[in-house]
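Following: one structure in structure tokens, then a few remarks.
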Protein chains: 2
Amino acid sequence: MPQLGLLHGRAWAVLFGQLRRPPGAVCIRAVHSHSQGTRDLSPQQMVVREKILDMVVSCFKRHGAKGLDTPAFELKEMLTEKYGEDSGLIYDLKDQGGELLSLRYDLTVPFARYLAMNKVKKMKRYHVGKVWRRESPTIAQGRYREFCQCDFDIAGQFDPMIPDAECLKIVCEILSGLQLGDFLIKVNDRRILDGIFAVCGVPESKFHAICSSVDKLDKMSWKDVRHEMVAKKGLAAEVADRIGDYVQCHGGVSLVKQMFQDPRLSQNKQALEGLGDLKLLFEYLTLFGIAEKISFDLSLARGLDYYTGVIYEAVLLQTPAHAEEELLNVGSVAAGGRYDGLVGMFDPKGHNVPCVGLSIGVERIFSIVEQRMKTFGEKIRTTETQVFVATPQKNFLQERLKLIAELWDAGIKAELMYKNNPKLLTQLHYCENMGIPLVVIIGEQELKEGVIKLRSVASREEVAITRENLVAEIQKRLSES
Amino acid sequence: MPQLGLLHGRAWAVLFGQLRRPPGAVCIRAVHSHSQGTRDLSPQQMVVREKILDMVVSCFKRHGAKGLDTPAFELKEMLTEKYGEDSGLIYDLKDQGGELLSLRYDLTVPFARYLAMNKVKKMKRYHVGKVWRRESPTIAQGRYREFCQCDFDIAGQFDPMIPDAECLKIVCEILSGLQLGDFLIKVNDRRILDGIFAVCGVPESKFHAICSSVDKLDKMSWKDVRHEMVAKKGLAAEVADRIGDYVQCHGGVSLVKQMFQDPRLSQNKQALEGLGDLKLLFEYLTLFGIAEKISFDLSLARGLDYYTGVIYEAVLLQTPAHAEEELLNVGSVAAGGRYDGLVGMFDPKGHNVPCVGLSIGVERIFSIVEQRMKTFGEKIRTTETQVFVATPQKNFLQERLKLIAELWDAGIKAELMYKNNPKLLTQLHYCENMGIPLVVIIGEQELKEGVIKLRSVASREEVAITRENLVAEIQKRLSES
């Protein structure tokens with residue numbers, strides 16, 4: 001597979017005509033359009049998606065995960081107070097009598113609700129499904145209001161860091177398997193962040209606000225983030241500077257050891273717990289042979305409220321293979337972490353089930369792969385048809401129908417033209433355009449002699465085969481190709 | 001595969017605990033439940049679904065269909081005036097500013113919208129996706145508010161009845177392939193029904209109302225339907241009786257010929273067109289070898305407004321294989337028809353694209369297959385794990401992690417226990433319960449000798465294999481089994 005350059009969502013949105021209606025503009029002929037921020041997926045896109053999803057799901061299954069599905073909508077109250085600042089992006093259904101419902105915002109909260117509702121104490125599950133968020137219609141930035149998520153989670157009380165390490169192994173297997181180029185997984189721990197805020201002198205009431213400022217460090221400079229902390233969130237300048245000393249650090253396991261020696265941080269119980277777990281995590285990641293893909297990054301914060309321990313985010317490293325390719329930030333392509341308190345929020349008695357999981361950012365991956373195929377001019381076959389049933393003769397529909405039924409019944413993927421008297425050239429052109437490898441041709445002469453002509457579209461070679469041997473011969477040819 | 005008896009949705013709803021909350025009852029602990037009329041799909045159910053959907057999709061692909069996906073919600077105005085009496089069942093989204101949206105009610109209307117919006121004149125596509133309907137919460141009757149549809153449609157201007165015949169062939173292939181027992185496909189034509197109404201003296205303004213009465217003939221006797229026509233819909237008794245003479249007829253191609261001779265019907269242009277097409281359809285179905293599965297049934301009406309020509313509905317024939325099985329009506333398991341006017345409703349200039357398609361009633365099929373597996377006590381494996389990595393020794397986590405990473409990297413589906421010191425018996429029991437065929441066992445002794453023990457769970461036989469040969473040996477064993 002050729003190496004890929006990383007292209008921004010914009011390029012592919014332009015490609016598929018998503019930008020014809022500028023954001024916010026009123027669509028005059030809404031009568032034949034879909035809703036803003038959503039899109040239809042063309043057969044070309046569906047082929048790419050199917051291949052990527054197959055690969056992701058087969059990795060999840062390789063790690064022993066079971067499938068699970070939950071409804072598209074949940075009781076509205078299930079989703080409240082789970083997503084922090086983003087809760088305003090939840091889609092509500094109209095009150096048509098009955099319960100108040102909302103479209104799911106992610107697959108994690110429904111999973112936690114499922115565990116609590118069914119009193120499941122232990123489960124390794126994957127879920128591929130759509131989620132909906134009322135993002136502002138900045139489709140140009142590749143954000144859609146409906147998108148696909150691929151989640152893998154391990155629920156249960158286990159010895160520390162073994163499931164967490166497996167989640168990171170899975171991210172590595174998927175990103176390597178998809179050949180997306182070089183990548184890095186940033187790792188941090190919510191307890192270390194909280195410890196840093198505490199020892200730097202952030203009042204506890206400001207932990208959340210300051211955490212969400214730190215979360216912006218992948219898009220903003222430290223100078224700007226510091227300004228936000230001090231000017232907008234009222235943090236003392238010297239407190240911000242102390243935080244700055246920490247959150248600008250990143251490195252490998254040696255940084256974990258260094259932080260253990262840190263005079264202030266080593267006094268904080270929470271931070272020590274987090275550091276202890278990270279040390280163990282690095283040990284397991286070394287055994288898995290993936291430690292060099294991992295960076296302990298103190299600036300990683302993750303937006304969602306429900307994380308309680310280790311958190312991670314995978315980013316593609318942007319070495320463009322070709323100078324002519326646009327170089328833009330593709331953002332994270334996988335993320336996740338530990339959320340030990342979420343299931344308890346759904347349990348009547350507050351019983352908890354510790355969980356750790358990951359979500360693959362397949363939408364970004366889809367657009368990268370689509371863009372790569374476009375750049376390299378790869379033609380995508382949108383059907384799997386193996387054989388086309390053709391005739392050079394008029395009034396041969398009956399024979400074609402009998403023949404194609406034989407092929408279908410033998411499990412062969414076959415098509416014909418829905419015309420009584422199609423032209424032979426039209427039929428052969430169709431095969432070339434669609435990439436159909438074989439054509440069977442039946443006519444007066446063949447019928448008389450009890451044979452069929454089998455034609456290879458690529459080489460244009462034709463051989464006559466007896467009718468009885470046709471299916472066997474086609475199957476032989478297909479198995480060889 | 002064993003033959004199956006046909007069971008009602010109730011049995012399977014009971015089985016999966018869907019009936020704990022009686023319809024209409026208020027749920028006290030809604031805080032840990034899903035919304036009414038929806039359900040989570042368990043890993044067992046997901047396995048059954050995946051197998052059935054794979055089979056359905058592979059049939060669609062065998063017939064040259066491309067995949068397509070559309071958003072879960074559409075502009076509300078797209079869905080109005082497409083579904084007749086059922087429009088009240090559409091879910092609307094709350095007006096949170098912006099467009100008015102509704103959840104899709106089927107996959108056909110979004111497909112027609114897609115064709116019009118992209119000016120596609122010709123397309124053979126399949127779509128597997130969820131749809132949502134605000135059915136009253138009579139879950140006991142197996143009706144859910146969220147359910148899966150599998151649609152195949154052929155759009156384009158072609159010679160008559162060739163695509164229509166292919167749709168019926170597909171229904172036959174799928175129902176035969178799933179081994180659901182004997183089935184029958186009822187066929188009729190909207191033009192014949194309209195012709196009957198016209199020649200019997202129904203005023204044109206009542207065609208729709210009378211058609212929806214006829215639609216009830218699969219659940220109600222003719223006596224009751226006649227009563228509804230006369231008493232509720234104000235039809236003259238003699239008109240109803242004339243209709244009765246027709247709609248109680250069903251048969252094969254000979255009935256088509258008989259209707260051609262009918263003194264009244266043969267005077268109606270629309271009816272003659274419909275009969276002409278059905279005659280041709282039967283000819284093609286004979287060539288496909290499926291004519292004996294088809295019944296021309298004048299009582300078939302189909303609810304939806306958008307059909308314009310041939311319509312069909314497949315029903316399972318209820319010969320119970322086992323006397324102890326509950327015998328209840330499973331209703332139709334596939335249906336469809338021709339809708340030549342729908343695309344034009346979305347086109348600014350009203351340009352039409354003739355379409356014909358089918359929808360497989362996979363939810364009913366899922367419950368039948370699940371019930372059958374339960375009846376026959378078939379155990380469903382919910383994971384695909386091939387190898388379990390075990391140890392009899394304490395402090396062997398590191399070795400287990402190194403070993404399992406090797407297996408994963410070789411593409412082998414493997415699991416281990418997330419414990420530092422699990423008991424060997426616990427590990428072996430897990431394999432037996434989960435149906436994992438192979439265990440690799442590593443301990444002090446094996447480590448010293450550079451070997452691994454490979455154990456077959458079924459036979460309990462163990463052999464020692466050198467570490468270097470382990471992956472190859474496992475792959476050999478797996479390919480043989």
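Note that these values count all heavy atoms, side chains included, but never hydrogens, waters or copies made by symmetry. In what follows, every chain begins at residue 1, and chains take the letters A, B, ... in the order their sequences are listed.
For K402(B), the NZ atom counts as loosely surrounded, since its 6.0 Å shell holds 12 or fewer non-hydrogen atoms of other residues, nucleotides or ligands.
Only the side chain of K169(B) comes within contact range of chain A, judged by heavy atoms closer than 4.5 Å. Heavy atoms of K76(B) lying under 4.5 Å from chain A are absent altogether. With a threshold of 4.5 angstrom between heavy atoms, I154(B) approaches chain A through side-chain atoms but not through N, CA, C or O. For K61(B), the parts lying under 4.5 angstrom from a heavy atom of chain A are both the backbone and the side chain. Of the atoms belonging to Q96(B), heavy atoms from both backbone and side chain fall under 4.5 Å from chain A. For a residue to count as touching a neighbouring chain, one of its non-hydrogen atoms must lie under 4.5 Å from one of that chain's; by this rule L103(A) touches chain B with the side chain only. Contact annotation for A65(B): only backbone heavy atoms (N, CA, C, O) come within less than 4.5 Å of a heavy atom of chain A. When heavy atoms are compared at a cutoff of 4.5 Å, I412(A) approaches chain B solely by way of its backbone atoms N, CA, C and O. In this structure, chain A has a heavy atom under 4.5 Å from the backbone of I90(B), while its side chain stays farther away. Both the backbone and the side chain of K419(A) have a heavy atom closer than 4.5 Å to some heavy atom of chain B. Proximity to chain A (any heavy atom under 4.5 Å) is shown, for L401(B), by both the backbone and the side chain. Interface remark: E283(A) contributes side-chain atoms only to the contact with chain B (heavy atom separation under 4.5 Å). For E166(B), the part sitting under 4.5 Å from any heavy atom of chain A is the side chain, from C-beta outward, and nothing else. Heavy atoms closer than 4.5 Å to chain A are found in the side chain of I404(B), but not in its backbone.
The shortest distance between side-chain heavy atoms of F288(B) and W408(A) falls below 4.5 Å.
For the set G98(A), G64(A), S58(A), P71(A), the count of heavy-atom pairs under 4.5 angstrom toward chain B peaks at P71(A). Ranked by heavy-atom pairs under 4.5 Å with chain B, the first of D409(A), I436(A), D95(A) is D409(A). The candidate from T382(A), L407(A), T385(A) with the greatest count of non-hydrogen atom pairs under 4.5 Å with chain B is T382(A). For the set A72(B), C59(B), G289(B), A165(B), the count of heavy-atom pairs under 4.5 angstrom toward chain A peaks at A72(B). Considering only heavy-atom pairs separated by less than 4.5 Å from chain B, the leading option among T383(A), T70(A), N420(A), N421(A) is N420(A). Interface remark: of the candidates H63(B), K413(B), E415(B), K66(B), H63(B) forms the most heavy-atom pairs closer than 4.5 Å to chain A. For the set T286(B), V47(B), L416(B), L397(B), the entry with the most heavy-atom pairs within less than 4.5 Å of chain A is L397(B). Your options are K94(B), E384(B), E74(B), and the one with the most heavy-atom pairs under 4.5 Å with chain A is K94(B). If you tally non-hydrogen atom pairs under 4.5 Å between each of R381(B), E173(B), E399(B) and chain A, the highest count goes to E173(B). Top candidate by heavy-atom pairs under 4.5 Å with chain B, chosen from I162(A), D69(A), L100(A), is D69(A). Ranked by non-hydrogen atom pairs under 4.5 Å with chain A, the options M161(B), R134(B), Q386(B), M417(B) are led by R134(B).
Ring geometry for F73(A) versus W132(B): interplanar angle of 30 to 60°, hence tilted. Relative ring orientation between F60(B) and Y126(B) is described as tilted, the plane-to-plane angle lying within the 30° to 60° band.
N118(B) places no side-chain N or O within 3.5 Å of a backbone atom of V120(B) that could act as its donor or acceptor partner.
For the pair R125(B) and F111(B), the cation sits on the ring face: its NZ or CZ lies under 6.0 Å from the ring centre, inside 45° of the axis.
When all heavy atoms are compared, the tightest approach of P422(B) to R400(B) is CD-NH2, 3.5 Å. Closest non-hydrogen pair, F158(B) versus P163(B), comes out as CD1-CG, 3.9 Å. Contact between Y284(A) and P160(A) at its shortest, heavy atoms only, is CE1-O, 3.6 Å. What you find for L79(B) and R104(B) is that their closest heavy atoms are CD1-CA, 4.2 Å.
In summary, the side chains of D92(A) and S102(A) do present a donor paired with an acceptor at a separation below 3.5 Å, with no hydrogens or angles considered. Residues Y418(A) and K124(B) have side chains that bring a donor and an acceptor to within less than 3.5 angstrom of each other. Counting only N and O atoms by type, the side chains of E146(B) and T38(B) include no donor and acceptor under 3.5 Å apart. When only modelled atom types and interatomic distance are considered, T80(B) and E77(B) share no side-chain donor-acceptor pair under 3.5 Å.
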List the steps, then state whether side chain to side chain contact (heavy atoms under 4.5 Å, CB included) holds for L93(B) with E99(B).
-> CA-CA 10 Å; L93(B) 268 69; E99(B) 303 156 323; over 6 Å; no
